[in-house]
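In what follows, a structure is listed as structure tokens, so that the remarks can point back to it.
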Amino acid sequence: MEPRQWHALATDRVLSELDSAMTGLSSDQAGIRLRSEGANRLPAPPKRSLTRLFLSQFHNVLIYVLLGSALITTLLGHVVDTTVILAVVVINAVIGLIQEHRAERALAAIQELLAPYATVLRDGGRCRVKVETLVPGDIVLLEAGDRIPADLRLLQSHGLSIQESMLTGESTAVEKHTDPVPAWMALAERGCMAFGGTLVVGGQGLGVVVATGIATEMGRISRLLAHVTPRTTPLVRQMNSFARWLTLIILMLAAAVMALGHFLWDYPFGELFTAVVGLSVAAIPEGLPAVLTITLALGAQAMARRNALVRHLPAIETLSSVSVICTDKTGTLTRNEMVATELVTVDERFTIDGVGYAPDGAIQGAAPIDLQASLRLRELAWVAVLCNDAALQHSDGIWRVEGDPMEGALLTLAARMGMSRPEAQRCWVRTDVLPFDAEHRYMATLHHDHERHARLFIKGAPERVLAMCSRVRTAEGGEAILEHAWWHAQVEQLAGRGLRVLALATRRVPVSQTVLSRADVEGGIILLGLVALMDPPRPEAVAAIAECRRAGIGVRMITGDHAATAAAIGQMIGLERTRRVITGAELETMSDDELSAAAMETDVFARTSPEHKLRLVMALQARGMTVAMTGDGVNDAPALKRADVGIAMGRKGSEAAREAADIVLADDNFASIVAAVREGRNVYDKIVRVIAWTLPTDAGEAATIVTALLFGMVLPVTPVQILWVNLITTVTLGLALAFESGETGAMQRPPRSSDAPLLGLAWLWHIGLVTALFLLGTFGIYAWAIERGHDIALARTMAMNTLIAMEISHLFFIRSIHDSAFSLRILRGTRALWVAIGIVVAAQCAMNWLPPVQAVFETRTIPLLDGMAILAVAVLLLLAVETERQLRRKFKTGRRDDTPPSDEQEAIR
Ligand code: ATP
């Protein structure tokens, strides 16, 4: 069906056809329409079915190798071998499936939390609703940074410009208007429409939803807009390719052993073949990818619990190496719950009492507030309410702000002065607006009354507004010359106490003027006064900053606010170097090198605009820093993309910033960034541990077989037993590591350098050492058993159990990278660990004592004394590696007096 030509209709007609009004729909109407029209979303790309997910687990070189081996063992008539190999294959696939499914669910839950919102008019008031719930007829408010939530016919446009490249291919933004255009006009020329999926880059507007979901233009061109986020990270990719290489090397090694064994040592083919299969299965770290995936997914889940939603998994890795966090002030370090506390005019000063946004409160000055008598106070209240887009809502006994909290505070201020918004709006009708943006730092509105008067109302950063003004309103309602020096001193004085200062101003304009441009506010404005607002620091930010200091992470406050306010707040939250503040203007005069140097030495940057953020990120990166940067506006997107970790504000952030970021903060709180870094470090530690446990375990098992074959010895563990050990341990013990909670010391060491290798020399040495100890333990116990007169089957049973016992004790060692393996915390273990150990022990008991299982694996019952010997070997292994670590640590500490430990040293300690 041809869609309606909404762009050719006048706005009244559009509204009446959609049975809507400028005040929006009621919730009931919206509910009914939602049921009949369906949700406003494009169909999701088809999910991989469980069967496909299961089958994909078999798509792996190792599995092909194993299936090939199973075929040959079948041909050779080795039923038991075939069964165990197939069990390895199937169990590995099932575990892979469960983990991948879990990981997908965890990430889907996070995606759900990231669902976009839109601001609409419902029941006559503005409210934020999920984009999915929009219906035709809804009135949507638009501002810079919004992603258009559905196809809209525009009803108002104040400098609204929209980037439509994803629909039209045109990369420059288009200015929008509200006049109908001829029906035949192409999509790109329909200036009165805003299409779902495109981005508002400037201005403000209002539109009525004309099409949702699949009926939108975007839905028509791409019925399946796949929005796939990568499910892997550079580290995991690196590990996958490492595993592939290892597989290849192992296969070559296996082929060599096979050739040597067959031609040189005359082993019978069948026996040799199963031994080589055992060797390959043991050596290939097949469980590793699944464990790494789940480790990352669990990390993302843990971060989500701490209000940091991960959009791209690689960010988790990068977070672990963050060395400096650049953060906004308002809302991130402070609560963003503002109250106006002082009002300053040229000859009067008022202090304002009252809590929160409730309109009741007292204003104290030399004379009582009388709006009727004082034109100046009336004008101040008008600016506060009319040059304002926020709304106050009262529900459950609490007053809340919908929109900018600072504007909310101004509404409260006006109410406390005795002026309500409906009253002001009855008097003055808004005809145009210059919305606030971080570059200009003021907002201006044009209003007309019913007696043919017109006025500008302006509020903004004091230096900006003072620069526009040459006169000031006096108490009597007249005008006087504005003394710039005096006003700037007032601003400094208020800002020095950590208050945010706004200047309020006005000007009469000819009644014929209906459009507002920047030129209209450049001069001739009359200053009314200053409002000082308090935005208290978040107490948790103070603790988080202290934690950053312990963790060797620098913090830079980069704010649009006044230098003195920024410095005072910086001091309150515990930033160290607040005496020197670099302002955006200063920053512009600096060369890249100068900025790099300054960025390393300064904690507070004030009156910055988004472009400055980008330069700062680059300046810090030039000094080798790994930078996390926060942002909220549409213009912050480049800095967020450029930063190593871009962090967007979930509450006050625009959709554009959220899309450019790697992480979205659900609560806009600085403490959540630090929590995310902590979690990132934990995940990284875990990954190192998983790898450092898996590699020597696999190598130890494989080395046992190779050594026996090379020296023409009897295998101390049969190939089937090796297959079994591999099967039972990697899917239990290895996985237990993924479920570890983080070590407590993660935030007590400096950040790792982002280019440090995953496993440094110390780790490689450890892996070699443990492999050798495994070998020694297995052969040692085997020889001891034979010495004691046990038969080969019993000696092999003991050797296999020793291997498993050593793997368990090595697990305790690995759990304590930064601790001692003999500390109470490590020995107490975790639930996941004891469940895994429980499963392994139960399986081993069956292996050792159940006759049918004994028959299959050729095992024997182990006598008590020999059992004790096995445990002793395991404990000895732990003692040996722990002693070696303590010695190395001592040696390092001795040398460490004047040089800081390298990350690698830190990691192994
Ligand atoms: P941060 O960057 O830490 O969030 P911020 O919120 O102070 O700090 P901006 O939003 O860029 O930064 O604001 C910069 C300045 O612009 C403020 O200090 C204030 O003086 C002025 N300002 C902020 N919001 C408005 C607004 N809605 N209307 C007019 N002026 C505003």
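Position 1 is the first residue of the sequence; numbering continues from there. Order of listing sets the numbers, starting from 1, for every ligand and every atom in it.
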(Q) Regarding ligand 1, does Thr330 bring an N or O atom to under 3.5 Å of one of the ligand's N or O atoms? (A) yes
Q. With respect to atom 20 (O) of ligand 1, which of Ala461, Ala444, Gly331 exhibits the smallest heavy-atom separation?
A. Ala461
Q) At a non-hydrogen distance cut-off of under 4.0 Å, which region of Val501 contacts ligand 1 (side chain, backbone, both, or neither)? A) backbone
Q: Could you list which atoms of ligand 1 come closer than 4.0 Å to a heavy atom of Lys652?
A: 4 (O)
(Q) Do the side chains of Arg426 and Glu423 get close enough for a salt bridge, i.e. N-O under 4.0 angstrom? (A) no
(Q) Does Lys652, at its NZ atom, have more than 12 non-hydrogen atoms belonging to other residues, nucleotides or ligands within less than 6.0 Å? (A) yes
Q. Could Arg471 and Glu479 be called an ion pair, given the rule that one side-chain N must be under 4.0 Å from one carboxylate O?
A. yes
Q. How does Thr608 reach ligand 1, by side chain, by backbone, by both or by neither, if only non-hydrogen atoms under 4.0 Å count?
A. neither
(Q) Between Arg441 and Glu463, does any side-chain N to carboxylate O distance fall below 4.0 Å? (A) no
Q) So which bit of Met557 gets within less than 4.0 Å of ligand 1, heavy atoms only: side chain, backbone, both or neither? A) neither
Q: Give the single entry among Met443, Met649, Met406 that approaches atom 24 (N) of ligand 1 most closely by any heavy atom.
A: Met406
Q. Do the ring planes of Trp399 and His394 sit parallel (below 30°), tilted (30 to 60°) or perpendicular (above 60°)?
A. parallel
Q: Give yes if a backbone or side-chain nitrogen or oxygen of Gly560 is under 3.5 Å from a nitrogen or oxygen of ligand 1, and no if not.
A: yes
(Q) Tell me every residue that passes salt bridge (charged side-chain N to carboxylate O under 4.0 Å, His left out) with Arg455, counting only those two or more places apart in sequence or in another chain. (A) Glu379
(Q) Check this for me - ligand 1, Thr559, N or O atoms closer than 3.5 angstrom, yes or no? (A) yes
Q. Any nitrogen or oxygen of Glu407, main chain or side chain, under 3.5 Å from a nitrogen or oxygen of ligand 1?
A. yes
Q: Pull out every atom of ligand 1 sitting under 4.0 Å from any heavy atom of Gly460, numbered as shown with elements.
A: 29 (C), 30 (N)
Scan the side chains in residues 520-532 for donor-acceptor partners under 3.5 Å anywhere in the protein, sequence neighbours excluded, and list what turns up.
residue : atom : partner : partner atom : Å
Asp520  : OD2  : Gln513  : NE2          : 2.9
Asp520  : OD2  : Ser517  : N            : 2.7
Asp520  : OD2  : Ser517  : OG           : 3.4

